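Heads up: the structure comes next, in C-alpha cells.
When a ligand or atom number is given, it counts from 1 through the structure's own listing order. These numbers come from a predicted model, not from an experiment. Residues take their numbers from the sequence shown, with the count starting at 1.
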Amino acid sequence: MLTNPQSDILQMELLTRLHKKAPGVHHMNFSQKNKPSPFKQRVIEDLKDHVSSGKVAVFKKYGIDFVTGRRQGAYLWDIDGEKRLFNLHCNGGVFNLGHRNEELIDLLKESLGELDIGNHHLISKFRAELARALAGSMPSDLDYVVFGVGGGEAVDLAFKVARAYTGRTRIISARGGYHGHTGLALAAGDGKYRNPFGPSAPGFFQVPFGDLDTLSEAADSDTAAIILETIPATLGVALPPQNYLQSVRQICDDRGILLILDEVQTGLGRTGKLWAFEHFDIVPDIVVLGKGLSGGIYPITATVLRQPLEAVFHDDPFIHVSTFGGAEIGCRIARRVLEISAAPEFLDHVNLLASRFAKQIEGLRQKHAGFLVQLRQLGLMMGLELKDEISGPLLTKTAYDQDLLMIYANNDTRVCQLLPPLIMRPEEVDWVIERLDLALSSARRLRPVVGVKTRLEKIIHKFI
Ligand SMILES: Cc1ncc(COP(=O)(O)O)c(C=O)c1O
C-alpha cells in the first residue's frame, strides 16, 4: 500500500515540496503539528533501525508518523494520544467486527483459562466444531476445511490440492489480483512483487480480470485451477462484469478445471451476504478465507474444499501440516466470528450502512464531479474511483489529515479502498461523509498543482 512503486513515492514527495511553495494550500497538514514525544520517537527510531528503514522513510515523506496506540471499535489512536483515526481500511477486513470487539475479547480471556494452540496432529474438538460450522455456512458439498495461519498459506494449499486432484499444473489468476506473498500465492501475483526475489514457481499464468476471451484461450487441458478474488480489492475493488463469474464457472465445468475463489477480503458479510460468491449464484470448488476470520484477535485462515477434493489426502493424511494452523484458541474465536457474521440481523445492518453510504457518496460524486468518478460498491466492499492514478495516493493523504484511514488500491491507484468496519453505527456514516467531503476538496485543489509538477519532472527527466 504505502510502500508503493517509486512513482507514487515521488508524487507524494513532490506534493510535500509543493506544499511549502504553493500559496493557498496551507490548511494541508503535511507534517505533524506536534513534535512526537521522546517515547514515540524511540518507537519510530527502533522500527527504522531494526524493522524497516524504507517504510519509516516513506511514512516520513507522506507526513504520516502515526504509531498505533489505543484502539477500540472503529477507531485507532496515535500512541501520543492526540490523533484519532476512523478506520476505513480495516486491514482489508481483519477488523470487520471492529477493534477489540468486546465479545471476542471476553471469549479470548475465557479460552485462555483452558486452552492453548493445541496439538496439530491429534484430533481436536475445536477444529472439528469450526470446520462443521464453516461447512454448514457454505452451499453444496463444500464440506472439508484445512486450517492455516495466513491467507497466503491458505492459497498455497488451494493450489496444491488443485494440482494433486487434477494431475495438471497450470494455475490461472487475474493480473493485478492479490493472493499473498508466500511461495505459490506469490507466483500467482504480479511480477513487481516477485521479480526482485529470483525465480518464481513455474506453471502460473495471468489474464486480465473480466476478459472472458483471454481466459478461455488460456484455460487449456493442463489447467488445474482458475483463482479469482470474487471482487479484487487490490485491483481497485473491481466489480466483475455481468455474468463474468458465471461464465468462468462454466468454462471450469466444461474443461475439468477447479474454480478457487479467494474470499479473504470479501467473505464474512463484507458484501452484505455471508460469502460474496452468493451474489453470483455460483458454487466454487475451493474457497479461501482469512483476515476477518481472526476477529482481529487470533490469526487463523481456512481453505474450504468440495468433498471429493479431500481424497488428495487419503493416501497420506499428514502430507500437509501447519503447526499453528487451526490453533484451538483461534478456532473458538473464528467460530464466534462466523456466528456473528452469519446472523440475518447483522447482514441487514451491513446492507443498511451500504445504502446510506451509496446515497451520500452519490451526493459527493455530484459535488466533486470530474474528480470523484464513481463509487464501486457491493455492500460495504467499496472503492472510490478517482480522476487518475495520482488521485488515490493524494486522497489517502488528505483523508488522513481529516482523521480517516483510507488506503488507495496498490494495483490501481485511481481507486481508494473504502472498507469500514461492519459494526459501525449508521450515524457514523454521516460523520465519515462530512470528513470525506473535506478530504476530497483538498485533494481536488492540490491535484492540478501536482500534475503540472509531475509533467515538468518527466520532461526534465527526458533531457538528463
Ligand atoms: C484477497 C487476499 N488474498 C490473500 C491475501 C494474503 O493474506 P495474508 O496477508 O494473510 O497472507 C490477502 C492479503 O491482503 C488478500 O487481500
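Atom 14 (O) of ligand 1 has as its closest protein heavy atom K291 NZ, 2.9 Å. Of the protein's heavy atoms, G151 N, 2.8 Å lies nearest to atom 10 (O) of ligand 1. Scanning the protein heavy atoms around atom 16 (O) of ligand 1, the nearest turns out to be Q265 NE2, 2.9 Å. Of the protein's heavy atoms, G152 N, 2.8 Å lies nearest to atom 11 (O) of ligand 1. What sits closest to atom 3 (N) of ligand 1 on the protein, heavy atoms only, is D262 OD2, 2.6 Å.
Under the 4.0 Å criterion applied to side-chain N and carboxylate O atoms, D403 and K83 are assigned as salt-bridge partners.
Comparing H179, H181, E153 by heavy-atom distance to atom 4 (C) of ligand 1, the nearest is H179.
The ring of Y244 has its center no closer than 6.0 angstrom to the ring center of F280.
For the side chain to side chain contact (heavy atoms under 4.5 Å, CB included) test with R306, the passing option among I286, V287, D285 is D285; the others fail.
Under the 30°/60° scheme for interplanar angles, the aromatic rings of F313 and H320 are found to be tilted.
For ligand 1 and E229, the ligand atoms under 4.0 Å from any heavy atom of the residue are 1 (C). The ligand atoms of ligand 1 that sit less than 4.0 angstrom from a heavy atom of Y178 are 1 (C), 2 (C), 3 (N), 12 (C), 13 (C), 14 (O), 15 (C), 16 (O).
The two atoms that bring V312 and V161 nearest to each other are CG2-O, 3.9 Å, heavy atoms only. Annotation for P202 and R163: closest pair O-NH2, 3.2 Å, computed over non-hydrogen atoms.
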